[in-house]
Amino acid sequence: MSAAWGGPGRRRRGVGGRRRALRGLGGLGGLAGRLLRAWARLAGGRGGRSARRQPRPEDDEGGFGSARRRETARGGGAAGSGARPPGAQGLRNHGNTCFMNAVVQCLSNTAPLAEFLALGRYRARGARAEVTHRLAALVRALWSLEYTPRLSAEFQSIVAKHGAQFRGNAQHDALEFLLWLLDRMHEDLGSASPAPGPRAAHQRSVEQSGAGGESFVQSHFQAQYRSSLTCPHCRKQSNTFDPFLCISLPIPVRQTRALNVTLVLQREGGRSLRVGLAVPLLGTAAELREMVAREGDVPPQQVILAEVSPQGFLRSLDDTEKLSTAGQGAPLYALQAPPEAPAGAHPMLLLLCHVAGTGLHRARFGPPLVLRAERGASWAQLQRDVLTPLRGMMRSAVQSTAPQFRIHVAGEPGAYLSPQDAHPLCHAAVDRALQQSPSGGPPHVALTVEWDVGTKERLFGSVQQEVVQDADSVRLQQAAHQQHSCTLDECFQLYTKEEQLAPDDAWRCPHCRVPQQGTVQLRLWTLPDILIIHLKRFRQVAQHRHKLSTLVRFPLRGLDMAPHLAPGGGRWQHPLRPPRSCPPDALYDLYAVCNHHGSMQGGHYTGVARGALPPAPPSLTPAPAYCCNSLDGRWYSYDDSTVEGVREDEVSTRSAYILFYQRRNAIPAWSASSAARAPTPHRQQQLSPIEPLGVPAGGHQAAQRRIPSCSSPPIPTLQSGP
């Protein structure tokens, strides 16, 4: 165990080609030694003042101390008997702080940063570096099992003091907070020398040798990408190099969505059949009309598309209407018009819907119908035409010609046909409805036939809405769209895809000296030790914003970033900084995932840390963050104060929002991941992504957060301090 977690530090080559020591933790004063002693105390071992220290009644532990004592009592004599290792500790939610807790847990499980902060191997620039000091105290407490809610409350207070956008208990984006915190640590630390101590001279040489005045954040989290602009005429290329802390990857979006449409065809005797269609997201009702016509084998000009609500409200669709909201307000129907009338007749097409009751008790019964009626028909003739299709549902025939119902012109408030009129259909509201009839389908007038409840019960009994049979396509389309997934490699391909400039954005080529619609492409130029990948789940199309629930399959081990580097990449481009070569190892292992549960209106953040636990039944409650503990190599879910173990096959979920990868040759020697990995050649074949078998374990919190924007935030550029 000591060989895996302790031992002397080893040297490695950093991002800039310089060599940096990882500062091993095998000594008694090292973090690994302290953690092992703390874990031994937690499991019931001897030694340590903390083990003999009696809790005082005035301690503000908020239940965390008592829970730790209960775990110690259960621990027995072995660390693996149920006790969690150092670092696998929860954080109290102080009011919509789930986004903050998830980010802190992911950073706490970033081994180089945790070692750097927990051992205090930094000297903050200036006396106002309170954010870094409080974060270091919080990380140190998590790894020494001395956390109390007071520490996280103080950290929240300091964050609010220095970040006005995080004041109060409002909901925030975890990515926004993560980038703000890294930028704040960069400002606090800068290129200051390490903290004084017996090894200060050695640490100073380690941190600053060849660093060019970089801060810890720059040397571990920052890398560079190249933006290339190519002229389509002369093929000359203009390159721009910029630093980044996080890669915001777009998620491939399905171009279609599942839409159920109920077909009412004449050859089926008016029977209804619901079919499932894959309609284009940015399509129009004209495309839907064509799809329905092919599905029902009828001419498109005979198809009427209408939304029919359970309360009997009708709305016909125009061919120019977008499909983004079609069928969301009410079930969508496609009705076939009856055959054309014989020559000499002048019938008009009526779309009918029967309802009974008023107000909240108003309900539709029977199927929606399409029929033809003479424009000059009397009320008695019109009543017979309306009742004829319903004879199969009637309990008794209508013997009287007296009005049995009222007829309302849909879309015309207060417009009712009068039984006293010689020709009820010769009404001004009917004329307006014909003039405003939607384009694409046959011209028609939508009418609502309103019955009083007594008459309806006498003639039709308890008849309700029609029974609609589902075709197999309904189930198949729903399953196909719900199971949409992609790989992380496909996200990178979309990120690096060439795009042509719009005519309004034409670029003046310095060689051709004329405006050109050049092509722009982003490629990675260098790679950081800690690779942060943001999945852009929040999307806006026109005025509609929504969250993508696409499952992105990402590898837990062996992510090969070499294919995503630009040709010739690996050397920094900076006018004030000497070039440095890219390390040969481009393999990364996942160690943390920040998840977001919920929608655009609100949600919950959780974290997960890595591990390999014995098989356990998957939990049905999602967890905010997953992180891999550096000491035991196991994955844990962090849902505020709740910490539970999870299996590796539970890490990849549809809620994954921010991924944290660490370069293999940058993993500290004391980490379990360093001991567990086997040496692999450069550009080894990427391991197959882990498929999720269940929902991540962990409790779910009721706290909600509002997403400030669906667009990715700007990636900050870190400038070297004076």
Side-chain angles (χ1 to χ4, degrees), residues 90-91 93 95-107 109 165-166 169-182 246-253 482 484-486 488 491 532-540 545-554 590-609 619-627 635-644 646 650-661 692 694-713 715:
L91 294 171
N93 190 310
N96 281 343
T97 58
C98 57
F99 72 96
M100 188 179 299
N101 292 346
V103 168
V104 169
Q105 294 288 10
C106 291
L107 292 180
N109 283 275
Q165 65 271 37
F166 301 113
N169 292 325
Q171 302 160 353
H172 298 281
D173 183 26
L175 180 67
E176 178 190 8
F177 176 70
L178 171 63
L179 296 179
W180 177 89
L181 186 58
L182 291 177
C246 169
I247 303 176
S248 291
L249 295 183
I251 299 177
V253 180
Q482 287 179 357
H484 176 50
S485 64
C486 66
L488 192 64
C491 296
I532 301 177
I533 298 176
H534 161 231
L535 302 178
K536 300 172 68 173
R537 292 201 173 274
F538 305 106
R539 188 167 182 262
Q540 181 166 355
R545 298 186 300 169
H546 63 280
K547 177 185 175 183
L548 300 177
S549 59
T550 306
L551 173 64
V552 179
R553 302 191 303 274
F554 47 85
L590 185 76
Y591 69 88
V593 181
C594 179
N595 297 316
H596 176 267
H597 307 288
S599 63
M600 289 290 299
Q601 286 69 38
H604 181 55
Y605 282 109
T606 60
V608 181
S619 171
L620 297 180
T621 308
Y626 299 147
C627 302
W635 283 94
Y636 294 90
S637 70
Y638 296 82
D639 190 352
D640 293 330
S641 59
T642 302
V643 179
E644 298 180 357
V646 294
E650 297 178 306
V651 173
S652 180
T653 69
R654 298 181 184 272
S655 299
Y657 183 48
I658 308 175
L659 310 178
F660 293 79
Y661 280 92
V695 183
H700 182 70
Q701 173 190 325
Q704 299 291 310
R705 61 171 290 281
R706 185 172 301 281
I707 299 296
S709 171
C710 66
S711 61
S712 60
I715 298 176

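Nothing fancy with the numbering, it's 1 onward along the sequence.
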Should N101 and Y638 be marked as a side chain to side chain contact (heavy atoms under 4.5 Å, CB included) after you check the CA-CA gap, both sets of side-chain angles, and the distance that decides it?
CA-CA 8 Å; N101 292 346; Y638 296 82; over 6 Å; no
Can you list the steps and then say if I532 with L182 is a side chain to side chain contact (heavy atoms under 4.5 Å, CB included)?
CA-CA 12 Å; I532 301 177; L182 291 177; 3.9 Å; yes
Side chain to side chain contact (heavy atoms under 4.5 Å, CB included) between V593 and F554, intermediate numbers included:
CA-CA 11 Å; V593 181; F554 47 85; 4.3 Å; yes
Set out, in order, the CA-CA distance, both residues' side-chain angles and the distance that settles side chain to side chain donor-acceptor pair (under 3.5 Å) for R654 and S549, then state yes or no.
CA-CA 5 Å; R654 298 181 184 272; S549 59; 5.0 Å; no
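For the residue pair S485 and R553, the shortest heavy atom distance occurs at OG-NH1, 2.6 Å. Across S655 and H597, no two heavy atoms sit closer than the pair OG-ND1, 2.9 Å. For the pair P252 and T550, the tightest heavy-atom approach, listed with the atom from each and the gap, is O-OG1, 4.3 Å. Heavy-atom minimum distance, L590 versus F660: CD1-O, 3.3 Å.
The backbone N or O of A656 sits less than 3.5 Å from a side-chain atom of R537, completing a donor-acceptor pair. For N96 (side chain) and A170 (main-chain N/O), no donor-acceptor pair under 3.5 Å exists by modelled atom type. Judged purely by atom type and a 3.5 angstrom limit, H172 uses its side chain to pair as donor or acceptor with the backbone of Q165. Panel note: side chain S637, backbone E644; a donor-acceptor pair is recorded below 3.5 Å.
Side chains of V552 and C491 form a contact here, defined as non-hydrogen atoms less than 4.5 Å apart. In this structure, L548 and L535 have side chains that are not in contact, with every pair of non-hydrogen atoms separated by 4.5 Å or more.
Note: I251 CD1 to L488 CG = 10.0 Å, rounded to the nearest 0.5 Å. Going from atom CG of L175 over to atom SG of C246 covers 5.0 Å, rounded to the nearest 0.5 Å. Atom NE2 in H534 sits 10.0 Å away from atom SG in C594 (nearest 0.5 Å). Separation of atoms CZ (F538) and CG (D173) is listed at 6.5 Å; rounding is to 0.5 Å. Interatomic distance, CZ of F99 versus CD of E176, reported as 8.0 Å (0.5 Å rounding). Here C98 contributes atom SG and N595 contributes atom CG; the two are 11.5 Å apart, rounded to the nearest 0.5 Å.
By the 30° and 60° cut-offs, the orientation of the rings of H596 relative to Y657 is tilted.
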